Amino acid sequence: MPEGHTLHRLAGSQQRDFAGGAVEVSSPQGRFAAEAELLDGHVFREAWAYGKHLFHDYGPVGTVHIHLGLYGSFTAHGKPVTDPVGKVRMRLVGESCWTDLRGPIRCELVTTAEAAEIVAGLGPDPLRDDADPDRAWNRITRSRTALASLLLDQTVLAGVGNVYRAEVLFRHGVPPLLPGNAVEPETWRALWADLVGLMGEGVRSGRIDTVRAEHAPEATGRAPRRDRHGGEVYVYRRAGAPCLVCATPVEHRRLANRHLYWCPRCQAG
DNA sequence: GATCTATGTAGAT
DNA sequence: TCTACCTAGATCG
């Protein structure tokens with residue numbers, strides 16, 4: 001379940017579980033076997049995330065660069081270690097914990113410099129203290145592309161995925177197809193600030209919850225609706241269902257091969 | 001058991 | 001704009 005909050009959450013838990021100790025690294029599936037052999041037994045220095053990218057720093061031995069893609073996932077366990085189930089690309093075994101990685105779009109050993117290059121190609125990440133929202137704004141305000149597309153462009157903004165994009169646009173009443181160069185600076189400031197808050201909450205909870213207290217099931221009496229992604233949302237994957245605010249059916253279309261959801265009334269602009 | 005879907009990205013057309 | 005791809009779980013029959 002990979003938007004930026006997932007990767008930052010993983011970096012945090014893996015830092016707690018493995019940092020500072022030697023780890024056993026293996027690739028039961030075999031597709032990371034040569035790299036795992038190089039890393040096996042070395043000290044896991046640090047886990048860190050930038051956008052949807054996760055990095056395991058092994059110092060001079062190298063850095064593992066992981067991108068989960070659409071369906072990559074980690075499972076975390078306490079010892080004892082059990083036999084691999086399914087296609088385990090990478091297994092890490094530490095002092096008391098172990099974790100399995102399955103289905104990543106990327107799992108590769110890179111140098112520190114290469115890791116830095118990957119990060120240099122990404123836009124600011126709302127989950128990082130060092131993020132500069134003006135870098136994203138400079139791209140957005142010069143572009144005729146729909147804001148909904150710009151929000152998913154990782155070179156503009158790093159870490160935002162399909163759920164956060166739909167939800168943050170809804171929360172600010174912004175039409176998703178509004179061209180970047182038609183976005184008001186104060187709108188951008190509000191969107192950024194909201195992403196910082198929402199995604200930070202996502203890191204803490206492990207879910208994407210975007211519904212404000214006044215529209216929450218407890219306040220309105222409607223049945224809670226947890227999406228498969230685990231959280232309570234306004235429009236994501238609610239095509240045809242009544243908008244939680246105005247009851248207008250939620251719209252849906254494909255945009256650049258991704259599902260886009262919005263309320264045509266609340267986000268009329 | 002077969003088929004479909006998914007919070008993503010890269011590369012071809 | 002389209003297609004391929006990494007994998008598992010949900011859904012269909």
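Since we're looking at a predicted model, the values are computed, not measured. Naming: A, B, ... by sequence-line order, numbering from 1 per chain.
- A heavy atom lying under 4.0 Å from DNA chain C marks none of the residues of residues 149-161 of chain A.
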Pick out the pairs of N or O atoms, protein on one side and nucleotides 3-5 of chain C on the other, that lie under 3.5 Å.
{"unit_1": "C/dT3", "atom_1": "O4", "unit_2": "A/N257", "atom_2": "ND2", "d": "3.1"}

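- Residue contacts shown for A/G103 include a base, since a base heavy atom lies under 4.0 Å away.
- In terms of phosphate contacts, A/K52 brings no side-chain nitrogen or oxygen within less than 4.0 Å of OP1 or OP2 of B/dT7.
- Residues from residues 82-90 of chain A with heavy atoms under 4.0 angstrom of DNA chain C, sorted by number: A/G86, A/K87, A/R89.
- Across every strand in view, B/dG11 sits in a pair with C/dC2 that passes the Watson-Crick or G-U test at under 3.5 angstrom.
- Listed by chain and number, the residues in a side-chain contact (heavy atoms from CB on, under 4.5 Å) with A/C266 are A/F170, A/C243, A/V245, A/C246, A/C263 (sequence neighbours excluded).
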Tabulated below should be each protein N or O lying under 3.5 Å from an N or O of nucleotides 11-13 of chain B; please produce it.
none

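- For A/P2, taking side-chain heavy atoms from C-beta onward, the closest of the listed nucleotides C/dT7, B/dT7, B/dT9 is B/dT7.
- Dashed line: the shortest gap from a side-chain N or O of A/Y164 to OP1 or OP2 of B/dT7 is not under 4.0 Å.
- When the options A/E167, A/E201, A/H215, A/E232 are evaluated for a side chain to side chain donor-acceptor pair (under 3.5 Å) with A/T210, the one that passes is A/E167.
- Of the listed residues (A/Y261, A/W262, A/Y164), just one forms a ring-ring contact (aromatic ring centres under 6.0 Å, His included) with A/Y236, and that residue is A/Y261.
- Legend: ring-ring contact (aromatic ring centres under 6.0 Å, His included) pairs involving residues 82-106 of chain A, not counting sequence neighbours, sorted by first then second residue: A/H77-A/W98.
- Atom OH in A/Y236 sits about 7 Å away from atom P in B/dA6, given to the nearest Å.
- Using modelled atom types and a 3.5 Å distance limit, the side chains of A/H259 and A/R254 yield a donor-acceptor pair.
- Here the shortest heavy-atom pairing between A/G94 and A/V23 reads CA-CG1, 4.2 Å.
- Side-chain contact of A/T155 with A/R139: a donor-acceptor pair under 3.5 Å is present, judged by distance alone.
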